[in-house]
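The sequence lines fix the lettering, A, B, ..., with proteins before strands; numbering per chain opens at 1.
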Number of protein chains: 2
Amino acid sequence: METVGTVAGAAPATGLRERRKRLTRDALLRSSLELFAARGYEGTTVDDIVAAVHVSQRTFFRYFAGKEEVAFHVPRLAESLLVDAVRGRPPGEPPLDALRGALRESWDDIAEAVEQVVPLELHLRVYRVIESTPALLAAHLRRSSELEERLARVIAEREGVDPDTDPRPRILVAAVCGVIRVAERSWSAGDSGLAALRELTTAHLDRLGPALAEPWSDDRHTSR
Amino acid sequence: METVGTVAGAAPATGLRERRKRLTRDALLRSSLELFAARGYEGTTVDDIVAAVHVSQRTFFRYFAGKEEVAFHVPRLAESLLVDAVRGRPPGEPPLDALRGALRESWDDIAEAVEQVVPLELHLRVYRVIESTPALLAAHLRRSSELEERLARVIAEREGVDPDTDPRPRILVAAVCGVIRVAERSWSAGDSGLAALRELTTAHLDRLGPALAEPWSDDRHTSR
DNA sequence: TTGTCAACTGTCAGTCGCTGTCACTAGCCT
DNA sequence: AGGCTAGTGACAGCGACTGACAGTTGACAA
């Protein structure tokens, strides 16, 4: 239903031409991410990237619409997997549970899929760059809002409501994704591993209900 | 507590120099917004703007960090008023009510404050440009996340919790702001007036609880 | 009033992201 | 083997933005 444009570890590679294309594309991707992680996003010029891969600048822009697209290649992959996971949830499940379940379930698939493209550790470093670079954070949030739209449509379909007249799918997804981003953000500020993010995310999701409840009880809702 | 850099309708204007400065600043702001509304954001170059005001490009960049900053001058104003409104809510009020109350309450103040800078109608047109221009939408979302951070701190202070250890303030604010953005977004797609946005926002907020509830009931939650 | 200082502004040159054009190389197919 | 064309590099150009330098003009004191 969607061509993600997998980079490595898929498709048998037919002709020489296509093989070479994939090679330069891969090289551009890897070099870009490594440079972003090392020098930062703004500190990396397109000229730096193409110099490392020995290609002309023009070629870079034939493969990617811009620096930004390179930075979000891996996140795009992860998003598609999440959407698929929600789509594959048991039909009877309440919407909130479906989202939470899909999140927990898709985690390992995502890690695996990412690893086939670039080392997971590199991706995590790039992710922190994304969260800490204003321009990239902005792009990340816009992408997130597009993801929310996709998720809302899936939820709406599951529940048999029209997403254009019933606001509940979008409202639910917006709230959930908002909470997820809070978790991502506070995680990226620290330096813990993937497992920590997973736990932080689900823990925060479980606190959404109580946080909305009228007066906050005084139990320690501490985390971190 | 915060200098917002009001543009028109405040401060008696001391010397001639300052008066002239404000004049060119105002002119740049007005011309920019009018051009954005007329030709779109990307369709408007800085050269277009400075040509309309008869100043050099360099001058434009001395007053504003870039095109983006001009576009968000008015939203920035509104955000500050909202934060102040939350801060001024009665201490005993539960956090969710405080946010909802502040929102309803600050509405008129915001409209009034905006009108003192540019015609409200112009701002609304520019707002639709923001929502429909990818680059501006991204910037808008990033600014929103900064607003969320400010709001979360206010809520944390009101509730007497530490925002760095208790995630509930951020979670609550993220959910609420997420819902608000859903309302803004679906409003900006249509062509109704300010009053419609106000009602849509509060209506959506009231649907947050039910949308999170386990199975969705079949009452018509229709809007629009 | 006049002269000095500092603020404000314009001009110019340059960087970086990105796009259009055009010629050319090298896989691909017959 | 030879033509076709996808993929590429080299080059020119645009728009956002920045730094350096010089000119202009309010502000303020003598």
Side-chain angles (χ1 to χ4, degrees), chain A residues 5 7 11-29 31-33 35-36 39-73 129-130 133-136 138-139 142, chain B residues 5 7 11-29 31-33 35-36 39-73 129-130 133-136 138-139 142:
Chain A
V7 176
T14 41
L16 203 167
R17 208 171 219 154
E18 307 235 343
R19 229 181 310 152
R20 288 197 52 117
K21 268 176 71 175
R22 170 126 77 209
L23 240 48
T24 60
R25 190 190 163 86
D26 279 12
L28 283 172
L29 183 61
S31 294
S32 298
L33 297 188
L35 285 171
F36 292 163
R39 308 183 194 175
Y41 180 72
E42 325 243 58
T44 305
T45 70
V46 176
D47 283 334
D48 291 338
I49 299 169
V50 299
V53 187
H54 303 291
V55 191
S56 80
Q57 206 197 51
R58 200 67 189 82
T59 295
F60 174 90
F61 285 108
R62 286 202 182 89
Y63 281 98
F64 302 97
K67 268 167 70 177
E68 206 180 281
E69 189 180 308
V70 189
F72 289 106
H73 182 86
V129 172
I130 290 177
T133 306
L136 284 184
R142 197 203 48 197
Chain B
V7 176
T14 41
L16 174 68
R17 202 170 226 156
E18 307 234 344
R19 229 180 310 151
R20 287 196 54 112
K21 269 176 68 176
R22 172 130 86 210
L23 240 47
T24 61
R25 191 190 163 85
D26 278 12
L28 283 171
L29 183 61
S31 294
S32 299
L33 298 188
L35 285 170
F36 292 162
R39 308 182 193 172
Y41 181 72
E42 326 243 58
T44 306
T45 70
V46 176
D47 284 334
D48 291 338
I49 299 169
V50 299
V53 186
H54 303 292
V55 283
S56 78
Q57 208 197 49
R58 201 69 189 81
T59 295
F60 174 89
F61 285 109
R62 285 201 184 91
Y63 281 98
F64 302 97
K67 266 167 71 176
E68 207 181 279
E69 189 180 306
V70 189
F72 289 107
H73 182 86
V129 171
I130 290 177
T133 306
L136 284 185
R142 198 204 46 198

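Remark: A:Q57 CD to A:I49 CD1 distance equals 9.5 Å, nearest 0.5 Å. To the nearest 0.5 Å, atom CZ of residue B:R39 and atom OG1 of residue B:T45 are 7.5 Å apart. Atoms CD and CG, on B:E42 and B:L136 in that order, are 7.0 Å from each other to the nearest 0.5 Å. We find the CZ-CZ distance between B:R17 and B:R20 to be 10.5 Å, quoted to the nearest 0.5 Å.
Along DNA chain D, read 5' to 3', the first and last nucleotides having any atom under 4.0 Å from a heavy atom of chain B are D:dA16 to D:dA27.
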Extract from the structure each pairing of a protein N or O with an N or O of nucleotides 18-22 of chain C at less than 3.5 Å, listing the distance.
| residue | atom | partner | partner atom | Å |
| --- | --- | --- | --- | --- |
| C:dC18 | OP2 | A:K67 | N | 3.1 |
| C:dC18 | N4 | A:Q57 | OE1 | 3.4 |
| C:dG20 | N7 | A:R58 | NE | 3.2 |
| C:dG20 | N7 | A:R58 | NH2 | 3.0 |
| C:dG20 | O6 | A:R58 | NE | 2.7 |

Strictly under 3.5 Å: I want the nitrogen or oxygen pairs between protein and nucleotides 3-5 of chain C, one per line.
none

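No donor-acceptor pair under 3.5 Å is formed between the side chain of B:D26 and the backbone N or O of B:L23. Judged by distance alone, with hydrogens and angles left aside, the side-chain atoms of B:T133 form no donor-acceptor pair with the main-chain N or O of B:I130 at under 3.5 Å.
Sorted by first and then second residue, the salt bridge (charged side-chain N to carboxylate O under 4.0 Å, His left out) pairs involving residues 50-63 of chain B (not counting sequence neighbours) form an empty list.
Checked against ring pair (Phe, Tyr, Trp, His ring centres under 6.0 Å), A:Y41 has the following partners two or more places apart in sequence or in another chain: A:F36. Applying the ring pair (Phe, Tyr, Trp, His ring centres under 6.0 Å) criterion to B:F60, with sequence neighbours excluded, gives B:F64.
Distances shorter than 4.0 Å separate some side-chain N or O of B:K21 from OP1 or OP2 on C:dC8. Taking side-chain N and O atoms only, B:Y63 has no distance below 4.0 Å to OP1 or OP2 of C:dC8.
One atom, CG of B:D47, and another, C1' of C:dT11, lie 14 Å apart when rounded to the nearest Å. In this structure, B:H54 atom NE2 and C:dT9 atom C1' are separated by 16 Å, rounded to whole Å.
Across A:T24, A:V53, A:V70, a single residue satisfies side chain to side chain contact (heavy atoms under 4.5 Å, CB included) together with A:L29, and that is A:V70.
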